[in-house]
Amino acid sequence: MPDAATLLGIAIVCTYSWRWMGVLVAGRIEDDSPVFEWVTCVAYAIATGLMMKIILLPGGALAESHLIDRLAGLAVCVGVFYVMGKNLLAGLGAGVCAFMLFPGLRSLLF
Amino acid sequence: MDFRRTEQTWGAYFRQGMKHCLQAPGIGLFAAMSGFGALAKDSGVSLLIALGMTGGMWSTPGQVAFVELFATGVGGVALIASVTIANVRMFPLTIALMPLLRTRQGVEPAHYVMAHINSVTSFVQVVEMCRHVSEKRLRTAYFFGFTTACMSAGLLGTALGYTMASEMPGLIARALMLITPLFMLLLAARSSRRAVLASVVLGCALVPLGYTVSTDWGLLTGGVLAGTLAFGFERMRKKDA
């Protein structure tokens, strides 16, 4: 595999090319066409799928935590998010706290 | 959002944009980028590369895909393809942004800068702002103020998360690494569009599954398949209705 700096350079060019194309075609195509609906679906699927992969199958340091603790963090995060009327920061804060506290809670109870 | 007491000048709207970034959107972005910084540190890239990703790509899904796949040691082609497709959202996002800000038809050099510093967070904010501000020049001033502050918060967050993960390994580092996944999932869950929510559910199932089949191409194929299925289901449902 090429080194990180080379890959970064290519990744920046590739990412910017989407924006560049967007500038060029803006105003010439409708932004509610089925093609964009599909692009949006793929973008959300890949982004959230990747995040779920990190929670379920992490590499590196996060893999040293237990799956049950990460899932507890996710459950509390999503639960608080909806209870608080889709409040993002509340859900995020609660989820991270739950992830940190759950190992201690487990050792107390079991 | 209240602009009644804002002076009708470029500078005043620029500062107003910066101020609004210090509220929930900027705090969320700062937290998400701290998480990215920690993930980047864990993947073995240098701080400079991590900052280069935040400043140069400025799109969380691609940045996270980069460090995840880099850590796994997949092929360069698979990494670039996955990062590029993960950032495809920037294409429709740019197309949607331009009519809100430009003063007339046609491309100006400033548009290329606007396209780069645009993000999902900024776009949502700009749509809301445009309901209160009609003059394009002031809208652009607000946009630049808001996005400049966002970019600063993002770079600062990346550096802080990276440093914290280096200096405070263990529980703090692991908690930081969980921030970005949780943040991005909630951000998507805020959508009220059925097709998006279907994509999220299918993506959360098929992408990890794809990854267990192939570390190189699993993210990409799982994501494209999940998104396409969600799109197809939604089309069929609309036709039936």
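Only this structure's heavy atoms are used, side chains among them; waters, hydrogens and symmetry mates stay out. Chain letters run A, B, ... following the sequence lines, proteins first and then strands; every chain starts at 1.
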Inset, instruction - Quick one: closest heavy-atom pair of A:Arg19 and B:Met57, and the distance? - result: NH2-O, 2.8 Å
Legend entry - Atom group of B:Phe66 that falls short of 4.5 Å from chain A, counting heavy atoms: side chain
Legend entry - Part of B:Ile179 within contact of chain A (heavy atom distance under 4.5 Å): both
Inset, instruction - Give, as side chain, backbone, both or neither, the part of B:Val107 having an atom under 4.5 angstrom from any heavy atom of chain A. - result: side chain
Legend entry - Closest non-hydrogen atom pair, A:Gly22 against B:Thr94: C-CG2, 3.8 Å
Inset, instruction - Taking all heavy atoms of B:Asn87 and all of A:Trp18, pick out the closest pair and write down the distance. - result: O-CD1, 3.4 Å
Legend entry - B:Ala65 versus chain A, the contacting section by heavy-atom distance below 4.5 Å: both
Inset, instruction - Could you walk me through whether B:Leu39 and A:Ile54 pass side-chain contact (heavy atoms from CB on, under 4.5 Å), step by step? - result: CA-CA 10 Å; B:Leu39 287 169; A:Ile54 295 177; 4.3 Å; yes
Legend entry - Pick from A:Lys53, A:Met21, A:Met52 with the largest number of heavy-atom pairs that fall under 4.5 Å of chain B: A:Lys53
Legend entry - B:Ala188 portion near chain A, given a 4.5 angstrom heavy-atom threshold: both
Legend entry - Structural part of B:Phe70 lying under 4.5 Å from a heavy atom of chain A: both
Legend entry - Which portion of B:Leu187 sits near chain A, non-hydrogen atoms under 4.5 angstrom: both
Inset, instruction - Just give me the residue among B:Val207, B:Val88, B:Leu209, B:Val83 that pairs up with chain A most often, heavy atom to heavy atom, under 4.5 Å. - result: B:Val88
Legend entry - Heavy-atom contact with chain A under 4.5 Å, split by part of B:Ala38: neither
Legend entry - Distance, nearest 0.5 Å, that separates CG of A:Leu8 from OG of B:Ser46: 9.0 Å
Legend entry - Distance in Å, B:Ile95 CD1 paired with A:Leu24 CG, rounded so as to fall on 0.5 Å steps: 9.5 Å
Legend entry - Contact class of B:Leu202 relative to chain A, heavy atoms under 4.5 angstrom: neither
Inset, instruction - Grab the two heavy atoms, one from A:Ala45 and one from B:Ala226, that are nearest each other, plus how far apart they are. - result: CB-CB, 3.8 Å
Legend entry - Gap between atom CG of B:Leu182 and atom CZ of A:Arg70 - 0.5 Å precision: 11.5 Å
Inset, instruction - Check whether B:Leu220 gets within reach of chain A through its side chain, its backbone, both or neither, counting any heavy atom under 4.5 Å. - result: both
Inset, instruction - Below 4.5 Å from any heavy atom of chain B, which atoms of A:Leu89 appear? Answer side chain, backbone, both or neither. - result: side chain
Legend entry - chain A contacts, top residue of B:Ala205, B:Gly76, B:Gly218 (heavy-atom pairs, under 4.5 Å): B:Gly76
Legend entry - B:Arg235 side chain reached by A:Pro34 side chain, heavy atoms, under 4.5 Å: yes
Inset, instruction - Would you mind telling me which of A:Val35, A:Val25, A:Asn87, A:Ile46 has the largest number of heavy-atom pairs within less than 4.5 Å of chain B? - result: A:Ile46
Inset, instruction - Nearest 0.5 Å please: distance from the CZ atom of B:Arg193 over to the CD atom of A:Glu37. - result: 5.0 Å
Legend entry - Max heavy-atom pair count under 4.5 Å with chain A, selected residue of B:Lys41, B:His111, B:Glu68, B:Met53: B:Glu68
Legend entry - Among the listed options B:Ile172, B:Val74, B:Leu48, B:Val45, the residue most often paired with chain A at heavy-atom distances under 4.5 Å: B:Val74
Inset, instruction - Kindly indicate, with the supporting measurements, whether the criterion side-chain contact (heavy atoms from CB on, under 4.5 Å) is fulfilled by B:Leu185 and A:Leu74. - result: CA-CA 9 Å; B:Leu185 287 171; A:Leu74 175 66; 3.8 Å; yes
Inset, instruction - For each of B:Gly232, B:Ser43, B:Cys204, B:Gly210, tally heavy-atom pairs with chain A at distances under 4.5 Å, and name the one with the top tally. - result: B:Cys204
Inset, instruction - Please step through side-chain contact (heavy atoms from CB on, under 4.5 Å) for the pair A:Tyr44 and B:Arg89, ending with a clear verdict. - result: CA-CA 8 Å; A:Tyr44 273 100; B:Arg89 182 92 182 88; 3.7 Å; yes
Inset, instruction - Compare all side-chain heavy atoms of B:Ile80 with those of A:Cys14 and state whether any distance is below 4.5 angstrom. - result: yes
Inset, instruction - Considering only heavy atoms and a distance below 4.5 Å, find which of A:Pro103, A:Ala47, A:Cys77, A:Gly95 pairs most often with chain B. - result: A:Cys77
Legend entry - CG on B:Leu79 to CD1 on A:Ile10, rounded to 0.5 Å: 9.5 Å
Inset, instruction - Tell me, out of A:Val96, A:Leu50, A:Leu57, who's got the most heavy-atom pairs with chain B below 4.5 Å. - result: A:Leu50
Legend entry - Max heavy-atom pair count under 4.5 Å with chain B, selected residue of A:Leu56, A:Thr40, A:Val78: A:Thr40
Inset, instruction - Decide side-chain contact (heavy atoms from CB on, under 4.5 Å) for B:Phe231 and A:Val42; before the verdict, give the C-alpha distance in whole Å, the side-chain angles of both, and the deciding distance to 0.1 Å. - result: CA-CA 8 Å; B:Phe231 171 77; A:Val42 169; over 6 Å; no
Legend entry - Side chain / backbone / both / neither for B:Ser191 at chain A, heavy atoms under 4.5 Å: backbone
Legend entry - B:Leu176 CG to A:Met100 CE distance, which is reported to the nearest 0.5 Å: 8.5 Å
Inset, instruction - Please check if the distance between the ring centroids of A:Tyr16 and B:Tyr112 is under 6.0 Å. - result: no
Legend entry - Nearest atoms (heavy-atom pairs only) where A:Val23 meets B:Ala115: CG2-CB, 3.5 Å
Legend entry - Smallest separation among heavy atoms of B:Asp42 and A:Ala61, with atom names: OD2-N, 2.9 Å
Legend entry - Heavy-atom proximity to chain B below 4.5 Å, by part of A:Leu7: both
Inset, instruction - Among the options B:Arg102, B:Met114, B:Met98, B:Gln105, pick out the one with the most heavy-atom pairs lying under 4.5 Å from chain A. - result: B:Arg102
Legend entry - A:Trp20, CH2 atom: more than 12 neighbouring heavy atoms under 6.0 Å: no
